[in-house]
*Asks:* 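Mind having a look at this structure? Questions to follow.
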Amino acid sequence: MIFYDFEVFKHDWLAVFVDMTRKEEKVIVNNPDELKALYEANSSDIWVGYNNRHYDQYIFKGILLGMNPKEINDYIIVEHKEGWAFSRAFNQIPMINYDVMPNPPIGLKTLEGFLGSNIKETEVPFNIDRKLIEKEIEQTIFYCRHDVEETVKVFLQKIDDFNAMYGIVKAFDLPLSCIGDSEARITAKVLGCSRREYEDEFDYFYMPCIRLNKYKCVQDWFEQKRLEALSLDLGHASDYEKKAWYKKQSFEIEVAGIPHTFGFGGLHGATAESCHFDEKDGAGYHVDVNNYYPSFLLAWGMVTRSATNDNYNNVYITRKDLKFKQTHAKTKEESKKWKKAQLPYKKMLNALSGGMKDKTNPAYDPRNNNIMCINGQLMLLDLIEHLEVIPGFRLVQSNTDGLIVWIPDTEEAFSMLDDICYDWEERCSTDKCEIKLALDNILEIYQKDVNNYLWVDLDGGIERIGAYVKELSPIDNDLPILNKALVDYMAHKTPIEQTINQCDDLIMFQKIVKLSDNYKWVEHEHCQPVQRQTGVRVIKTWFEYPETVKYTYKSYRVFASKDIKDGRLLKNGGKRGKPEKFGNTPDHCFIFNDDVEGVKVPAKLDKQWYIDFAKKRLKGFGITT
């Protein structure tokens, strides 16, 4: 396994390679013969990079083919075109590539910032119109090496993803070259999918298990949309026209007392205002459909019609068996082992739904995708309609594969809940596959909206969904002290001030910002400010900074500052024609782009800014402290 990265200029190119097996580094500067020798000696290895699927592999192959790497670079970076389209000759160079970049894409510098690493950037401009001098080459090598080292760190943080893909390749005897495929594309290969054209995207229909009465209007709306699409002949329309039509389709209705939105992407419903439920309000339950979409596809025979084998069912059964072993494990270590073993199969099961709507994927089958998505919503709506008969029933939220409900804490109410869920399972399952519900008891829930909530279960476990409370990781680590403060308050009633004031690790307070291509440079207000005031009865005070420090690099690690000489961090050169403050950054901040791992909080860090910000976010959950 070799990690690599290319840097390309008008008259120079260089690359750094780190062989993790042999623990060797290779730096190549403007030497195609040396690059060719390295490739030939390691052609069967896995070449790992960051965004190498879209960029570095084509620079690599282009140099081996005698092409100008700068022309390839500009084709991809400047003209925003796909590297594979530059030349068919790239197919002559077999290469096993694995891309560490997550999907949706995030820049490597941003992840380096999350990791606490140095995010300083090279001072050598990539548009330099001459040969690089030795000092510039040395600096570029330094930063290129740093990026390779950081790619290794990111890879290790995401090692489970690699192991999952490798597990799929081994389990289904696929070529190792498939390791670099997306989850949806490798799933299509496992299913033996053969690309087919379909013109029946809107010939969807409804499952006989659905029994709607009170909310039958939702099914009627989907039927109206089907007839509309057919009348417009959208089945033969361009991709652009279809996307534009789909984007406009949504149906809003109040279900069980809370606003709901139905559409072709999924179901969302939540209380109009933030809410808090606990044991005083009764008993809470997460009514979760196990493997909803995969179970539906198998139960009702809606696996993509492009599949040529029964592997989807085999994957489903294998994952089910592994999950049983996980839930019945006697130790945490054993449970963790079986959970990891499930990952390849779980990824394939979930990836198919996306592949069925991707016209470039061999698994493409938009009609079956519509049938799955529409019926999935209607079946859950059916469940809600039947649960509403429980006296004291309250719906907290609905989403694509489950509900959160609150009922009186009585045996009678639970018995009704259990019976209704069992009846739904019996109606919705078939002899091909069961569609089962899990009832997880919730002691307490804080909900901002359908996408942001936290609950504590019967065993003290915490489920956290949404940017404000989600469990962060070393590669998703933005303002982590705020997440910790909110979770500690909701789950353990720890005061916000206590969590923040007791934390002494600077990395916990970091805010990573990146200058987008819509702006040209950054300025940091940094000098002795002039105090200004306006108003008569209500006096507003602010500071003007006559001097700024100008920067042109992209990424910044920002912290709130007590030092009055530190002002705002501003992005400049945008369409608005005036400086704009980066979002969620303080009016007084300092920059620290060096390695922050192990660095303690300096005296000038303004912890009160974080306390106020945390309380503002907490207020979004309806909590005032």
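Note that these values count all heavy atoms, side chains included, but never hydrogens, waters or copies made by symmetry. Note that the structure is a prediction, hence the values are computed from the model and not measured.
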*Asks:* What is the distance from atom CD1 of Ile317 to atom OH of Tyr312, rounded to the nearest 0.5 Å?
*Replies:* 12.5 Å

*Asks:* Side-chain contact test, heavy atoms from C-beta onward, threshold under 4.5 Å: evaluate it for Tyr39 versus Phe17 and give yes or no.
*Replies:* no

*Asks:* How about Phe264 and Trp245: are their ring centres within less than 6.0 Å of each other?
*Replies:* yes

*Asks:* Can you measure from NZ (Lys347) to CG (Leu352) and round to the nearest 0.5 angstrom?
*Replies:* 15.0 Å

*Asks:* Counting only N and O atoms by type, is there a donor-acceptor contact under 3.5 Å from the side chain of Asp19 to the main-chain atoms of Arg22?
*Replies:* yes

*Asks:* Considering only NZ, NE, NH1 and NH2 on the basic side and carboxylate oxygens on the acidic side, decide whether Lys109 and Glu112 come within less than 4.0 Å.
*Replies:* yes

*Asks:* Working to the nearest 0.5 Å, report the span between CG of Leu472 and CG of Leu479.
*Replies:* 9.5 Å

*Asks:* Quick check for you: to the nearest 0.5 Å, what is the distance between Asn73 atom CG and Lys10 atom NZ?
*Replies:* 12.5 Å

*Asks:* Anything under 3.5 Å between a donor and an acceptor, one on a side chain of residues 79-89, the other on a protein residue two or more places apart or in another chain? List them.
*Replies:*
| residue | atom | partner | partner atom | Å |
| --- | --- | --- | --- | --- |
| Glu79 | OE1 | Lys81 | NZ | 3.2 |
| Ser87 | OG | Ala89 | N | 3.0 |

*Asks:* Checking side-chain contact (heavy atoms from CB on, under 4.5 Å) for the pair Tyr293/Thr400: CA distance, chi angles, key distance, verdict?
*Replies:* CA-CA 9 Å; Tyr293 280 174; Thr400 304; 3.3 Å; yes

*Asks:* Kindly indicate whether the side chain of Ile96, heavy atoms from C-beta on, has any atom under 4.5 Å from the side chain of Asp45.
*Replies:* no

*Asks:* If you look at every heavy atom in Leu176 and Val169, which pair is closest and at what distance?
*Replies:* CA-CG1, 4.1 Å

*Asks:* Can any side-chain N or O of Asp181 pair as donor or acceptor with the backbone N or O of Ile186 at less than 3.5 Å?
*Replies:* no

*Asks:* Is there side-chain contact between Phe296 and Asp401, with heavy atoms separated by less than 4.5 Å?
*Replies:* no

*Asks:* Given side chains that start at C-beta, do those of Gln326 and Lys340 come closer than 4.5 Å, heavy atoms only?
*Replies:* no

*Asks:* Between Asp74 and Lys70, does any side-chain N to carboxylate O distance fall below 4.0 Å?
*Replies:* yes

*Asks:* Check the surroundings of atom NZ in Lys26: do more than 12 heavy atoms from other residues, nucleotides or ligands lie under 6.0 Å from it?
*Replies:* no

*Asks:* Lys131 versus Asp12: any side-chain heavy-atom pair under 4.5 Å?
*Replies:* yes

*Asks:* Considering only heavy atoms from C-beta outward, does the side chain of Met101 approach that of Asn103 to under 4.5 Å?
*Replies:* no

*Asks:* Could you walk me through whether Asn52 and Tyr98 pass the side-chain hydrogen bond (donor to acceptor under 3.5 Å, both in side chains) check?
*Replies:* CA-CA 8 Å; Asn52 61 331; Tyr98 182 80; over 6 Å; no

*Asks:* Do you see a donor-acceptor pair shorter than 3.5 Å between the side chains of Tyr246 and Asn370?
*Replies:* yes

*Asks:* Taking the six-membered ring for Trp, are Tyr75 and Tyr58 closer than 6.0 Å centroid to centroid?
*Replies:* no

*Asks:* Do any pairs count as a ring-ring contact (aromatic ring centres under 6.0 Å, His included) and have a residue in residues 111-149, sequence neighbours left out, and if so which ones?
*Replies:* Phe9-Phe126

*Asks:* Roughly how far apart are Leu156 CG and Met20 CE, rounded to 0.5 Å?
*Replies:* 6.0 Å

*Asks:* Asp476: which residues meet the side chain to side chain donor-acceptor pair (under 3.5 Å) condition with it, sequence neighbours left out?
*Replies:* Lys470

*Asks:* Could you tell me whether Lys23 and Glu25 make a salt bridge, using a distance below 4.0 angstrom between a side-chain N and a carboxylate O?
*Replies:* no

*Asks:* Check Gln139 against Thr122 and note the closest heavy-atom contact, atom names and distance.
*Replies:* OE1-OG1, 3.2 Å

*Asks:* Can Asp365 and Arg305 be counted as an ion pair, charged N to O under 4.0 angstrom?
*Replies:* yes

*Asks:* Kindly determine whether Arg145 and Val27 satisfy side-chain contact (heavy atoms from CB on, under 4.5 Å), including the steps that lead there.
*Replies:* CA-CA 9 Å; Arg145 175 184 292 118; Val27 179; 4.0 Å; yes

*Asks:* For the pair Asn97 and Tyr4, evaluate side-chain hydrogen bond (donor to acceptor under 3.5 Å, both in side chains) and give the outcome as yes or no after the intermediate values.
*Replies:* CA-CA 10 Å; Asn97 271 286; Tyr4 73 107; 2.7 Å; yes

*Asks:* Would you say Asn368's side chain and Met302's backbone share a donor-acceptor pair under 3.5 angstrom?
*Replies:* yes

*Asks:* Would you say the side-chain atoms of Glu334 pair up with the backbone N or O of Lys330, donor to acceptor, closer than 3.5 Å?
*Replies:* yes

*Asks:* Under the rule for side chain to side chain donor-acceptor pair (under 3.5 Å), what residues qualify as partners of Glu121, not counting sequence neighbours?
*Replies:* none

*Asks:* Can you tell me if Ser555 uses its side chain to pair, donor with acceptor, with the backbone of Lys514 under 3.5 Å?
*Replies:* no

*Asks:* Under the side-chain contact (heavy atoms from CB on, under 4.5 Å) rule, what do Asp56 and Ile59 come out as? Steps first, then yes or no, please.
*Replies:* CA-CA 5 Å; Asp56 299 84; Ile59 302 296; 5.6 Å; no

*Asks:* Looking at Lys153 and Glu150, is there a salt bridge between them, counting it only when a charged N and a carboxylate O are closer than 4.0 Å?
*Replies:* yes

*Asks:* Is there a side-chain contact (heavy atoms from CB on, under 4.5 Å) between Arg195 and Lys359 once you walk through the steps?
*Replies:* CA-CA 9 Å; Arg195 182 74 175 85; Lys359 200 167 187 177; 3.3 Å; yes

*Asks:* Check this for me, if you would: do Asp595 and Lys120 make a salt bridge, where the nitrogen-to-carboxylate-oxygen distance has to be below 4.0 angstrom?
*Replies:* no

*Asks:* Hey, does Lys242 have a side-chain heavy atom less than 4.5 Å from the side chain of Glu201?
*Replies:* yes

*Asks:* Please name all residues satisfying side chain to side chain donor-acceptor pair (under 3.5 Å) with Trp47, sequence neighbours left out, ordered by chain then number.
*Replies:* none

*Asks:* Side chains of Pro102 and Leu111: closer than 4.5 Å at any heavy-atom pair?
*Replies:* yes

*Asks:* State which residues pass side chain to side chain donor-acceptor pair (under 3.5 Å) with Tyr204; sequence neighbours excluded, sorted by chain then number.
*Replies:* none

*Asks:* Which heavy atom of Tyr551 sits nearest to which heavy atom of Trp521, and what is that distance?
*Replies:* O-CB, 3.4 Å

*Asks:* Which pair of non-hydrogen atoms, one from Met356 and one from Thr304, has the smallest distance, and what is that distance?
*Replies:* CG-CB, 4.0 Å

*Asks:* Looking at every heavy atom in both Tyr50 and Leu108, which two are closest together, and how far apart are they?
*Replies:* CE2-N, 3.5 Å

*Asks:* Which atom pair, heavy atoms only, marks the closest approach of Tyr364 to Arg196?
*Replies:* CD2-O, 4.0 Å

*Asks:* Would you check if there is a donor-acceptor pair between the side chains of Arg464 and Asn483 at a distance under 3.5 Å?
*Replies:* no

*Asks:* Determine yes or no for a side-chain-to-main-chain donor-acceptor pair under 3.5 angstrom, with Asp594 supplying the side chain and Asn118 the backbone.
*Replies:* no

